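This report refers to the structure that appears directly beneath it.
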Amino acid sequence: MAFYVVTGGAGFIGSHTVEELVRRGESVRVLDDLSTGKKANLASVIDRIDLREGDIRDLEAMRPLFEGVDYVIHFAAASSVLRSIREPIETTEVNLMGTLNVLVAARDAQVKRMVMACTGAIYGDNPVLPRVETQMPDPLSPYAIVKLAGEYFGQVFNRLFGLEFVALRYFNIFGPRQNPLSQYSGVLSKFVRAYLTGNTPVIHGTGEQSRDFTYVANVVDATLRACHAPQGPGKVINVGTGKGTTLNHAIQILNQIFSVQVTPQHDPPRVGDFMHSTADITVARTILGYEPIVDFEEGLRRTVEWMRTTLA
Ligand code: NAD
């Protein structure tokens, strides 16, 4: 049994990761300030984990929580692109200074490895697809800038201090527990919510923009592989499905799932948004032995089922 600290473990992706770690019999401590995360997300495992409410901006409070820890999985972040545009200073404090604190605490506690949640948003609107890790980053929002800076810090800690560090660039993750009520929530959750509440789904732009929508179980699998893959340290690795799905196609699938013919409302494109994004997942396949296990349609069905129960 190994000992994991999961920062942001009460959030959407974090809680799925914690559940899987518990299922595998690992020992888990969650550090979360419960700002966007919820204790309820951890309901199924709450009596088998050590949940600590705390802020990654507070290094000294964090240090004791890292003692004796084997692996750190770092999800805690202000996780919205839109919010980062409205609140660039707070996003930078949490996502950059907070990440630096986690790196320092992990280094000083001599953990075996740290894996960090980064983002495909660092590639920006570069027309070259699919996104390969060696492509020049082109961050278009404060969120993407500071996530990229966090990657660089991690790689420098890997080189300078021998802290094993792996950065995973996640591409548009979706699934149960992604908050459909937040103004910052992912586009698929918003679509599903619109279907369930009898409202018209809203698309910003033509709907021909595409994303590499990745069901959360795939991300959990890649993340746990990254904790152990021998070739992982020092690497930056895309995590997606390798396939782009347009928003118009997502609407078609939802029309099938709900057996309706909804026509979406088209609003003007949003500031900071980009047209296409698909991950090249060759490195994940080679280094992590990763292969997506749940495809888009199945993931969407599971998300609809969860939201149906939750919103009821
Ligand atoms: P989320 O908002 O559900 O999870 C973030 C968690 O961090 C929450 O539980 C929140 O309470 C916690 N947190 C925020 N600020 C904190 C602080 N100062 N101290 C301690 N905890 C804090 O978001 P998510 O979608 O689960 O994202 C998890 C990670 O994956 C984030 O780092 C995000 O940037 C990254 N990511 C997500 C996506 C996606 O599509 N969801 C894509 C790329 C990257």
Side-chain angles (χ1 to χ4, degrees), residues 5-19 29-42 51-59 61-62 65 72-84 87 89-102 105 114-123 131 139 141-151 154 167-190 211-216 218-220 222-223 226 236-241 277 279 299 303:
V5 159
V6 182
T7 73
F12 159 48
I13 306 173
S15 62
H16 285 278
T17 307
V18 170
E19 279 181 338
R29 173 173 291 150
V30 168
L31 170 62
D32 200 300
D33 72 350
L34 303 180
S35 51
T36 56
K38 287 189 291 217
K39 204 172 164 183
N41 287 341
L42 293 165
L51 171 61
R52 303 293 185 101
E53 197 172 333
D55 193 322
I56 57 167
R57 285 169 290 189
D58 185 349
L59 173 61
M62 201 158 45
L65 303 180
V72 173
I73 305 180
H74 177 41
F75 292 114
S79 55
S80 153
V81 172
L82 210 58
R83 180 172 158 200
S84 83
E87 298 166 13
I89 293 175
E90 193 183 352
T91 295
T92 302
E93 281 167 0
V94 175
N95 295 7
L96 187 54
M97 287 312 295
T99 294
L100 188 53
N101 285 338
V102 175
M114 171 169 158
V115 175
M116 177 184 165
C118 295
T119 172
I122 64 102
Y123 295 110
R131 309 294 191 204
S141 63
Y143 171 78
I145 293 172
V146 289
K147 280 283 176 181
L148 182 62
E151 280 185 7
L168 299 178
R169 290 178 177 166
Y170 299 155
F171 280 67
N172 293 84
I173 318 306
F174 73 100
R177 300 196 198 118
Q178 192 165 33
N179 184 356
L181 301 175
S182 155
Q183 58 176 321
Y184 305 120
S185 76
V187 63
L188 293 180
S189 314
K190 285 188 181 158
R211 294 291 181 270
D212 191 338
F213 291 116
T214 306
Y215 186 68
V216 65
N218 301 320
V219 181
V220 171
T223 304
V236 170
I237 305 173
N238 288 341
V239 176
T241 66
S277 160
T303 309

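The chain is numbered in sequence order, starting from 1. As the structure lists them, so they are numbered: ligands from 1, and atoms in each ligand from 1. Predicted, not measured: the structure shown is a model, and the values here were computed from it.
For Asp33, there are no salt bridge (Lys or Arg N to Asp or Glu O under 4.0 Å) partners at least two apart in sequence or on another chain. Applying the salt bridge (Lys or Arg N to Asp or Glu O under 4.0 Å) criterion to Arg169, with sequence neighbours excluded, gives Glu151. Glu90 meets the salt bridge (Lys or Arg N to Asp or Glu O under 4.0 Å) test with Arg57, Arg83; sequence neighbours excluded.
No side-chain donor from either of Asp212 and Ser277 sits under 3.5 Å from a side-chain acceptor of the other.
Between His16 and Pro176, the closest side-chain pair of non-hydrogen atoms falls below 4.5 Å.
Residues Phe174 and Thr303 approach most closely at CD1-OG1, 3.6 Å, considering heavy atoms.
Listed by chain and number, residues touching ligand 1 at under 4.0 Å (heavy atoms only) are Gly8, Ala10, Gly11, Phe12, Ile13, Asp32, Asp33, Leu34, Ser35, Thr36, Gly37, Gly54, Asp55, Ile56, Arg57, Phe75, Ala76, Ala77, Ser79, Val94, Ala117, Cys118, Thr119, Tyr143, Lys147, Tyr170, Asn172, Ile173.
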